[in-house]
> 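Let me give you the structure first, and then I'll get to my questions.
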Amino acid sequence: MYKGKFVLKNLTEEELKDFLVEIGEKKFRGSQIYSWIYRNIRDFDEMNNIPKSLRTKLQEHAVIGNIEKDLRLDSKIDGTKKYLFRLNDGNIIETVAMDYDTRLTVCVSNQVGCRMGCRFCASTIDGLSRNLEAWEILDQIIKVQEDLGKRVSNIVMMGSGEPLDNYENSIRFLKLVNEKNGLNIGNRHITLSTCGIVDRIRDLADLEIPINLAISLHSPFDEERQKIMPVANKYKVEQIIEACHYYIGKTNRRITFEYSLIKGVNDSKKEAERIVKLLKGMLCHVNLIPINPIEERDFEKPDILYINKFKAYLEKNNIPVTIRNSMGADISGACGQLRRSVSKR
C-alpha cells in the first residue's frame, strides 16, 4: 500500500520502539508515538511532544496509516450504523456498528470483496479485489470509535471477506487489537467467522488464541451446501465438524454455527434432524439467521412458522439455539449490499 515506507499502525508498541532504534532514535519515543497513533491523528505534525527533527525523519521513513469515512447510514429500525470507508488505493469497504447500550460491537471487513462465492452474500458477486492489511482492519475500529465517541467493546470479523483466506493479516490484526496500550480489546470479546477452511481452522486452533469461532454452515448436507457455498466442494461437512472438535480441544471455547435459513432450500425438518446428529454433545451454539434477500439472487426468507418450528426442534434435542435477526435492513444491511450499490453508481 505504501511502497518503501512502514505503516506505523501495523506495528505493536514493542515493534515501534525497535523501529525507532533502527532509525537512530531513542527507544522511549516509540511509546510516545504509539499513544498518538491511537488518538487517531492523521499527520506527524500533530505530535506536539515529539521533536521536529524526529517528525521529519518519520515522514521520510513511515506513514501513520489512515482510511477515510466516505459515508455513514443510520438505521431507523434498530440504530445500526453502516459505514463506507475509502482506502488509499480508492477501494471502498463496509463496516457496521451495533450499539447495545452496555456494549458497542463493530463488524469489520477483512477483504475488498470475497472469492468464496456464497450465493446468498452480496460481497462475493464481483469476486475478490484484494486482501486488507492488518492495519486497515484495525483502523475500521479506530474510525468508528472516533465517529461515535464511544469505546468499542466487541469485534466480529463477519464483514466482507473470509478472514481465514486472509490468514496472516487476520492473525496480525488479532495481535494488534489486543495490545494493552492500544485498543486493548480482549480475545474473548472477538468473534471470527469462517465458511469452513479446514486447514486454517486447525492452524488457528494451534495458536490457542481464545477468540470465539463462528462457522458458516447453512446446510448440513454436502450436496446441498455445495449449491450455495462453493467452498463445500473442497471441504466436507464432516471435515469441518472434526476441525471444530479439534478447535474446542485446543481452546476450550464454544463454537457458534451460523445457519442462514432460506425458504425451500435448507429450512425443513430433514436439515434440522441432520444438524442434531452432527452437533449432539458438542460445545456449541446455533444462530438461525432468516436470510436478508439481495436483488441479485432469488432466495427468500422463510415464513416465521417454519423458522420457529426449526428452532423448536433443535431446542427439543438439547442444541442451544437463538434466532438472530439481520440488523440494519433499511440501510442495505447484508454484507456487501451497500458497497455494491455505491460501486455500481
Side-chain angles (χ1 to χ4, degrees), residues 12 96 98 100 102-110 116 134 137-138 141 151-159 161-180 182-218 220 229 231 235-260 275-289 311 314-315 317-324 335:
T12 65
V96 179
M98 296 158 283
Y100 300 106
T102 57
R103 69 187 192 279
L104 176 59
T105 298
V106 170
C107 179
V108 295
S109 288
N110 196 271
M116 294 297 108
I137 309 170
L138 181 81
I141 299 162
R151 184 178 183 272
V152 171
S153 58
N154 295 71
I155 301 167
V156 288
M157 300 173 74
M158 292 183 181
E162 162 57 63
L164 297 188
D165 188 41
N166 186 17
Y167 184 78
E168 299 300 334
N169 284 310
S170 293
I171 299 306
R172 170 148 283 271
F173 163 74
L174 292 174
K175 186 175 183 178
L176 294 174
V177 82
N178 197 227
E179 282 277 286
K180 181 182 176 182
L183 291 176
N184 193 25
I185 298 174
N187 287 314
R188 294 174 186 271
H189 295 276
I190 301 170
T191 300
L192 183 150
S193 177
T194 175
C195 61
I197 301 179
V198 168
D199 46 351
R200 287 306 194 185
I201 292 172
R202 290 179 175 274
D203 290 341
L204 183 62
D206 288 337
L207 296 177
E208 298 185 21
I209 305 170
I211 61 169
N212 305 298
L213 184 65
I215 304 293
S216 295
L217 185 60
H218 309 313
M229 301 179 71
V231 71
Y235 302 108
K236 305 302 182 189
V237 171
E238 290 284 358
Q239 291 176 293
I240 293 171
I241 298 301
E242 287 172 9
C244 288
H245 281 293
Y246 184 77
Y247 186 87
I248 293 167
K250 285 284 190 175
T251 65
N252 199 33
R253 301 295 290 160
R254 183 183 73 172
I255 287 181
T256 298
F257 288 92
E258 306 283 342
Y259 195 92
S260 291
I275 289 172
V276 168
K277 187 174 180 181
L278 286 170
L279 304 186
K280 200 79 170 176
M282 183 188 286
L283 182 61
C284 69
H285 185 274
V286 175
N287 270 341
L288 297 178
I289 311 163
K311 177 176 183 283
L314 297 188
E315 286 177 327
N317 286 277
N318 300 312
I319 303 295
V321 57
T322 54
I323 297 172
R324 198 190 84 201
C335 285

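In this chain, numbering begins with 1 at the start of the sequence shown.
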> List the steps and the verdict of side chain to side chain contact (heavy atoms under 4.5 Å, CB included) for Ile137 and Ser109.
CA-CA 7 Å; Ile137 309 170; Ser109 288; over 6 Å; no

> So, for Pro220 and Leu278, which heavy atoms are closest and what is the spacing to 0.1 Å?
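Scanning both residues, the minimum pair turns out to be CB-CD1, 3.7 Å.
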
> Show the nearest heavy-atom pair for residues Ser153 and Arg103, with the distance to one decimal.
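Smallest heavy-atom distance, with atoms named: OG-CB, 3.0 Å.
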
> Do Arg151 side-chain atoms and Leu104 backbone N/O form a donor-acceptor pair below 3.5 Å?
no

> Out of Leu279, Ile323, Val276, which residue meets the side chain to side chain contact (heavy atoms under 4.5 Å, CB included) rule with Val286?
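Output: one option passes, namely Leu279.
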
> Do you know which two heavy atoms are closest between Cys284 and Pro320, and how far apart they sit?
O-CG, 3.5 Å

> For the pair Asn287 (side chain) and Val321 (backbone), establish whether a donor and an acceptor sit closer than 3.5 Å, ignoring hydrogens and angles.
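No.
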
> Do Asn166 side-chain atoms and Asn110 backbone N/O form a donor-acceptor pair below 3.5 Å?
yes

> Closest heavy-atom contact between Met157 and Pro163?
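Smallest heavy-atom distance, with atoms named: O-CG, 3.6 Å.
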
> Working to the nearest 0.5 Å, report the span between CE of Met158 and OG of Ser193.
4.5 Å

> If we ignore hydrogens and angles and just use 3.5 Å, is the side chain of His285 paired with the main-chain N or O of Thr256 as donor and acceptor?
no

> Check whether any side-chain heavy atom of Ile240 lies under 4.5 Å from a side-chain heavy atom of Val198, and answer yes or no.
yes

> Can a side-chain donor-acceptor contact be found between Asp199 and Tyr235 if the only test is distance below 3.5 angstrom?
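Yes, a side-chain donor-acceptor pair sits under 3.5 Å.
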
> If we only count heavy atoms from C-beta on, is the Lys175 to Thr12 side-chain gap below 4.5 Å?
yes

> How far does CG of Leu164 sit from CZ of Arg202, to the nearest 0.5 angstrom?
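If I round to the nearest 0.5 Å, the distance is 13.5 Å.
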
> Kindly say whether Asn317 contributes a backbone atom to a donor-acceptor pair with the side chain of Lys280 at under 3.5 angstrom?
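Yes.
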
> Is any side-chain heavy atom of Asn212 less than 4.5 Å from a side-chain heavy atom of Arg253?
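A side-chain contact exists here, since the closest heavy-atom pair is under 4.5 Å.
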
> With rounding to the nearest 0.5 angstrom, report the CD1 to OH distance, Ile275 to Tyr259.
4.5 Å

> Check whether Glu179 reaches the backbone of Leu176 with its side chain - one donor and one acceptor, N or O, closer than 3.5 Å.
no

> Could you tell me if the side chain of Ile190 sits less than 4.5 Å from the side chain of Ile185, heavy atoms only?
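Answer yes - side chains close enough.
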
> Any heavy-atom pair between the side chains of Ile289 and Ser260 that's under 4.5 Å?
yes

> Just verifying a value: how many Å separate Ile201 CD1 and Gln239 CD, rounded to the nearest 0.5 Å?
10.5 Å

> Please examine the side chains of Tyr247 and Lys250, heavy atoms only from C-beta on, and report whether any two atoms are closer than 4.5 Å.
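Answer no - side chains too far apart.
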
> Apply side chain to side chain donor-acceptor pair (under 3.5 Å) to the pair Tyr246 and Asp206, showing each step before the final yes or no.
CA-CA 9 Å; Tyr246 184 77; Asp206 288 337; 2.5 Å; yes

> Can you tell me how far SG of Cys195 sits from CE of Met229, rounded to the nearest 0.5 angstrom?
5.0 Å

> Nearest 0.5 Å, please: how far is CG in Asn187 from CD1 in Ile155?
9.5 Å

> Are any of the side-chain heavy atoms of Phe173 and Glu168 separated by less than 4.5 Å?
no

> Among side-chain atoms of Glu162 and Thr194, is any donor-acceptor pair under 3.5 angstrom?
yes

> So which heavy atom on Ala205 is nearest to which on Thr251, and how close?
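Here Ala205 and Thr251 meet closest at O-CG2, 4.4 Å.
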
> Are any of the side-chain heavy atoms of Val156 and Val108 separated by less than 4.5 Å?
no

